[in-house]
Protein chains: 2
Amino acid sequence: MFTDVHDLNLFVPSREDLPPSTASEREETGARGSRKQRTRDALLEAALRLMREGRSFTGLSLREVTREAGVVPTAFYRHFRGMDELGLALVEEGGVTLRRLLREARRTDVQFTNMIRGSVLVYKRYVEDNRLQFLFIAGERAGGSPQIREAIRREVTHFTNEMAQDLRGLGAFPGLSIGTLQMICGLVVNCMLNAAIDILDLPPNQPLQEQELVDNFVRQVRIIFLGALRWKEKG
Amino acid sequence: MFTDVHDLNLFVPSREDLPPSTASEREETGARGSRKQRTRDALLEAALRLMREGRSFTGLSLREVTREAGVVPTAFYRHFRGMDELGLALVEEGGVTLRRLLREARRTDVQFTNMIRGSVLVYKRYVEDNRLQFLFIAGERAGGSPQIREAIRREVTHFTNEMAQDLRGLGAFPGLSIGTLQMICGLVVNCMLNAAIDILDLPPNQPLQEQELVDNFVRQVRIIFLGALRWKEKG
DNA sequence: AGTTTCAGTGTACAAGTGTTGACTTTCCGT
DNA sequence: ACGGAAAGTCAACACTTGTACACTGAAACT
């Protein structure tokens, strides 16, 4: 019922729906400000880059990050009080990414099966494109420091709620209260984050394994929505 | 239909079903062997204990662990090649715990709603009782080294498959293939591990928050099973 | 008995860590 | 154009880290 897989989906807005600014949020004016912002971004990016080879954020050292970013260790303190604060900044940045991932799903009456499969494929691509962000979020969601874990939990909840709102706006489950929708979306988001780990751990050029993973993911989301259709409020 | 919440459940066997031996698996004979085993266990336990305060395994140092265990750093190498190998041993131990958690659920025809709620409550208690193990498993599932992640994934899959077998033996979903059951159990297990994190992060003596968490968990599992009931094979 | 095996100890070292204070350089407001 | 604020550098510190090597003492084998 739609020509392109990107046309309709649950999770990810089409390209033209994305806000134009990909740059960082808190901008400073002037040459000095932008310079500061640049090395700040360099630090954040360096941390993410170091996690690429399977290292966890918690195992990174301050000096490593500055080395990767191309600045001297002490320069770090001009931006963050310590690694923990850098972690929190990463959470915030990742949260923005996640929320952008959703934004506005469109009203549709296409069958769920097609819609789900399309959404999953787009999500997969999205995870692969934002590999490092997802590595961080998924990895530290349970393993990071209590503070970071808390921050991530907040972001995920935020994301979940937005998704519930969208689903409601979609008019897909008219019988369900917003609370129930949130619960269901929590399940889906959990499923998504779990799949993100699997996607990221996928060895490259193994289309069979890849197909299997996607299929499983699709079936799981479908199960959830089937359950949602049958859910009786206050039952 | 059952008097005690512990009588019937999906996840956890009753006390009397548990195998008697809580001791470690690979036993060595002789005084020296048992001595070695004791400090080996001390090391494993020390690592878990250090994670109690919200630290992640990846962030632990070899010396820290030996310090906590009450041995000199170099003694470590008599047992493990390095921290990574200790981690793998922890996974194995945790896997045993998880599998013991399931073992044999009994045949029953009680309504799902009651059964699910009971199971969830027992599971919650189980997580609280095995706090450290779950902290490790859930925390390193996405955050640990690639090797450890892989090992955990294997254990979780193993656990999932056993659960699918049990569900099939229960005769609850006669129309579903074993593959579909595995997919569904994967969803449930994922939901369980996620809930484990929440349970462990729960501030003590907050019955309201606790109730909320349990209710949500119950609803999510219920959704999954509702979806399973409606699932059409090869649809 | 004497000998071998081996878990655990003690010492040592090179390398990496977080953080400090005093410095240079660069940009901005006046 | 000058003075000050502030981003980034340099050198140094007190520690911690992983690991190598020679050792001790007790259990196990002959």
Side-chain angles (χ1 to χ4, degrees), chain A residues 23-24 26-47 49-51 53-90 144-145 147-148, chain B residues 23-47 49-51 53-90 144-148:
Chain A
S24 56
R26 61 167 74 73
E27 288 162 29
E28 279 197 46
T29 54
R32 184 148 72 194
S34 79
R35 181 161 149 76
K36 171 163 188 178
Q37 186 66 35
R38 228 182 312 134
T39 76
R40 187 192 141 100
D41 288 351
L43 286 169
L44 292 170
E45 216 186 294
R49 218 175 312 130
L50 285 170
M51 284 188 269
E53 323 291 355
R55 319 225 0 226
S56 81
F57 174 80
T58 324
L60 296 182
S61 77
L62 185 150
R63 286 179 112 107
E64 255 179 316
V65 174
T66 58
R67 215 177 299 134
E68 176 79 16
V71 292
V72 98
T74 45
F76 184 96
Y77 296 104
R78 302 288 181 196
H79 303 274
F80 308 102
R81 191 181 293 270
M83 282 295 284
D84 242 47
E85 203 168 292
L86 192 162
L88 292 181
L90 278 179
S145 79
Q147 236 194 115
I148 289 183
Chain B
S24 56
E25 306 271 332
R26 61 168 73 74
E27 288 159 29
E28 277 198 48
T29 54
R32 183 150 68 194
S34 76
R35 183 165 148 73
K36 172 164 186 178
Q37 186 66 33
R38 228 181 312 131
T39 75
R40 188 192 139 100
D41 288 351
L43 286 169
L44 291 170
E45 217 185 293
R49 217 175 312 129
L50 284 170
M51 284 189 269
E53 324 290 356
R55 318 223 5 223
S56 81
F57 174 79
T58 322
L60 296 182
S61 77
L62 184 151
R63 286 179 110 105
E64 256 181 315
V65 174
T66 59
R67 215 179 298 136
E68 176 78 16
V71 292
V72 96
T74 46
F76 185 96
Y77 296 104
R78 302 290 181 195
H79 304 274
F80 309 101
R81 193 181 291 270
M83 283 295 284
D84 242 46
E85 202 168 291
L86 192 161
L88 292 181
L90 278 179
S145 79
Q147 237 195 115
I148 290 184

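In what follows, chains carry the letters A, B, and so on, assigned in the order in which the sequence lines appear, proteins first and then strands, with residues in each chain numbered from 1. This one's a predicted model, so the numbers in the text were calculated from it and none came from an experiment.
In this entry the distance linking CE of B/M83 with C1' of D/dT17 reads 12 Å, nearest Å. Regarding B/L62, its CG atom lies at a distance of 16 Å from the C1' atom of C/dT17, rounded to whole Å. Atoms CG (A/L50) and P (C/dT17) sit 11 Å apart, rounded to a whole Å. Straight-line distance from the CZ atom of B/R35 to the C1' atom of C/dG8: 7 Å, rounded to whole Å. Taking atom CZ of B/R81 as the reference point, atom C1' of D/dA20 lies 15 Å away to the nearest angstrom. For the pair B/R67 CZ and D/dT17 C1', the interatomic distance rounds to 10 Å; values are reported in whole Å. One interatomic measurement links the two molecules: NZ of A/K36 to P of D/dG8, which rounds to 8 Å at whole-angstrom precision. Protein atom CZ of A/R78 is 15 Å distant from nucleotide atom P of C/dT25, rounded to whole Å.
Residue side chain B/R63 reaches the base of D/dG18 through a donor-acceptor N/O pair under 3.5 Å, judged by distance alone. With hydrogens and angles ignored, a donor-acceptor pair closer than 3.5 Å exists between the side chain of A/T74 and the base of D/dC10.
Residue contacts for A/V71: at a heavy-atom cut-off of 4.0 Å it reaches the sugar-phosphate backbone alone, with no base atom in range. Residue contacts for B/T39: at a heavy-atom cut-off of 4.0 Å it reaches the sugar-phosphate backbone alone, with no base atom in range.
Of the residues B/T58, B/L88, B/I148, B/L60, the one that meets the side chain to side chain contact (heavy atoms under 4.5 Å, CB included) test with B/M83 is B/L60.
For A/P73 and B/A75, each mapped to the nucleotide of DNA chain C holding its nearest heavy atom, the one lying further toward the 5' end belongs to B/A75.
A/R40 is listed as a side-chain neighbour of A/F80, based on a closest heavy-atom distance under 4.5 Å.
Here the side chain of A/E64 pairs a donor or acceptor atom with the backbone of A/S61 at under 3.5 angstrom. Using a distance-only test at 3.5 Å, with no hydrogens or angles considered, no donor-acceptor pair links the side chain of A/R63 to the main chain of A/R67.
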